[in-house]
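Everything on this sheet refers to the single structure shown next.
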There are 2 protein chains.
Amino acid sequence: MSVATKVRPSGASARQSADARRQQVLRAAVAEFAAYGLHGTSTERIAKRVKISQPYIFRLFPSKKDLFLAAIDQCFDRVENAFRAAAENPEKLDHGTECGHFGNGPVDVRLHAMGHAYAGLLAERELLLFQMQAYAACSDDEVRGRVRQRWQALVNLVTELSGASRESVTMYFARGMLMNVVASMGMVPDKGGRAWAHEALGFA
Amino acid sequence: MSVATKVRPSGASARQSADARRQQVLRAAVAEFAAYGLHGTSTERIAKRVKISQPYIFRLFPSKKDLFLAAIDQCFDRVENAFRAAAENPEKLDHGTECGHFGNGPVDVRLHAMGHAYAGLLAERELLLFQMQAYAACSDDEVRGRVRQRWQALVNLVTELSGASRESVTMYFARGMLMNVVASMGMVPDKGGRAWAHEALGFA
DNA sequence: CATGTAAGTGATTAAACACTAACTTCCCCG
DNA sequence: CGGGGAAGTTAGTGTTTAATCACTTACATG
């Protein structure tokens, strides 16, 4: 088409393996679904983001819902990884000041570390937003099944990693869900995650 | 409905004032939106629920999104009312046992009372589910504006009604949001709201 | 009864969307 | 070189859906 040699016609990216494409599509899907939800997102938007044709999505994933389910898995995977990472080296955050959220036992310290890990996820806002969309789409049986399963696995993971009491873990997750909601509303806590509740609650 | 006078030709309900209809549509909308979200709900479903024709929806509300916005207001109104009611007579719940969530000061007692009020909202699951859908639809500017506004008003209300510290109020809302999420996943806490976290966290 | 107004519907439309089918282009391997 | 398979596209289908419009039915009031 163009005059010159073999130059990629325009911004179009080179050929890639189907698996690589699938990963790209998956990340794009998380981003789009995070903003507009299962029903509010069109496969065309996702395709545009990856710069492939819309029908090609359906060669990579059998259906839109399957893509959504895969996105759920990817999202929870990423969160779990963040937690595992935080649990492995919790020492790197003993920043003199107290958050006041937890006690001082070694257990609570670990939970505290993971709390900061979750706060760190705020940097990838789409992860929190997508979670909300996943919960919101739970009137669909398949979605609900997957979400439940991953949620329970996540709770178990945090419980085991932290060794914290059920009570503590509950409040830990409660705070996390509050963060999700606040993130959805676009009231993002400040970077440290320290005084985030401050603004979140409207006393900014 | 009986044989006698003025039997409506078929199951169709009688004529009503536009305002009355608007209220019916609004309640139906909350129910449907709660399950399927802004984009997942068709105006036809809502119309069917009220047993009116689909186009009539658009005589009562200018657009689907306006209906959604009105539903947001109705939902938050209902929650606020529940809170106000709980704050007015907090004595009616001193059930010997402790929840362990709060201290024993008169302030915390009031917050505690409102906590049970929120737990009571579990009975109307659609209210919690709709809230989630509202948060999830926040990538829309108008929706986000409305949700933020009502959220802040709610936080202020709870703060004033309870007189509790910012910290307490934060954790109060955190628990509430966790309840929303758990409700979305269909893991409903037991009636008393006592040991609800139990099952919520997968130790059922 | 005449008449004006509010309640409500059926038919329709234009766009968006998930998904299919058939075709082309590129690259690797013998 | 050539052929086969994988990557990717263009064109198209059937359906759903928000919104419009022209129309009818019920009711109140003078």
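Chain naming here is simple, since letters A, B, ... match the order of the sequence lines and numbering starts at 1 in each.
Distance A:Arg59 CZ to C:dT25 C1': 13 Å, rounded to the nearest Å. With rounding to whole Å, B:Gln23 atom CD is found 14 Å from C:dA7 atom P. Going from atom CD1 of B:Ile57 over to atom P of D:dA18 covers 10 Å, rounded to whole Å. B:Phe61 places its CZ atom 16 Å from the C1' atom of C:dG8, with the value rounded to the nearest Å. We find that OH of B:Tyr56 is positioned 21 Å from C1' of D:dT17, with the value rounded to whole Å. When the P atom of D:dA19 is taken as reference, atom CG of B:Leu60 falls 14 Å away, rounded to whole Å. Between the NZ atom of A:Lys48 and the C1' atom of D:dT9 there is a distance of 15 Å, rounded to whole Å.
For a distance-only test at 3.5 Å, the side chain of A:Arg21 fails to qualify as a donor-acceptor partner of the base of D:dG8.
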What does the list of N/O pairs under 3.5 Å between the protein and nucleotides 17-19 of chain C look like, with a distance for each?
{"from": "C:dA18", "atom 1": "OP1", "to": "A:Thr41", "atom 2": "O", "distance (Å)": "3.3"}
{"from": "C:dA18", "atom 1": "OP1", "to": "A:Lys64", "atom 2": "NZ", "distance (Å)": "2.6"}
{"from": "C:dA18", "atom 1": "OP2", "to": "A:Thr43", "atom 2": "N", "distance (Å)": "3.0"}
{"from": "C:dA18", "atom 1": "OP2", "to": "A:Thr43", "atom 2": "OG1", "distance (Å)": "2.9"}
{"from": "C:dC19", "atom 1": "OP2", "to": "A:Lys64", "atom 2": "N", "distance (Å)": "2.8"}
{"from": "C:dC19", "atom 1": "N4", "to": "A:Gln54", "atom 2": "OE1", "distance (Å)": "2.9"}

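Two end axes, each from the C1' atoms of five base pairs, can be drawn for the helix from C:dC1-D:dG30 to C:dG30-D:dC1; they diverge by 0°, to 10 degrees.
You'll find that the side chain of B:Ile52 is closest to C:dT9, out of C:dA7, D:dA7, C:dT9. Considering only side-chain atoms of B:Arg15, the nucleotide from C:dT9, D:dC27, D:dA7 that sits closest is D:dC27.
Shown are A:Gln23, A:Arg22, A:Gln16; of these, the side-chain hydrogen bond (donor to acceptor under 3.5 Å, both in side chains) with A:Asp19 is made only by A:Arg22.
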Query raised in the report: Step by step, would you call B:Arg78 with B:Glu126 a salt bridge (Lys or Arg N to Asp or Glu O under 4.0 Å)?
Result: CA-CA 11 Å; B:Arg78 286 209 250 165; B:Glu126 62 177 26; 3.1 Å; yes
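Aromatic ring centroids of B:Tyr135 and B:Phe130 lie 6.0 Å or more apart.
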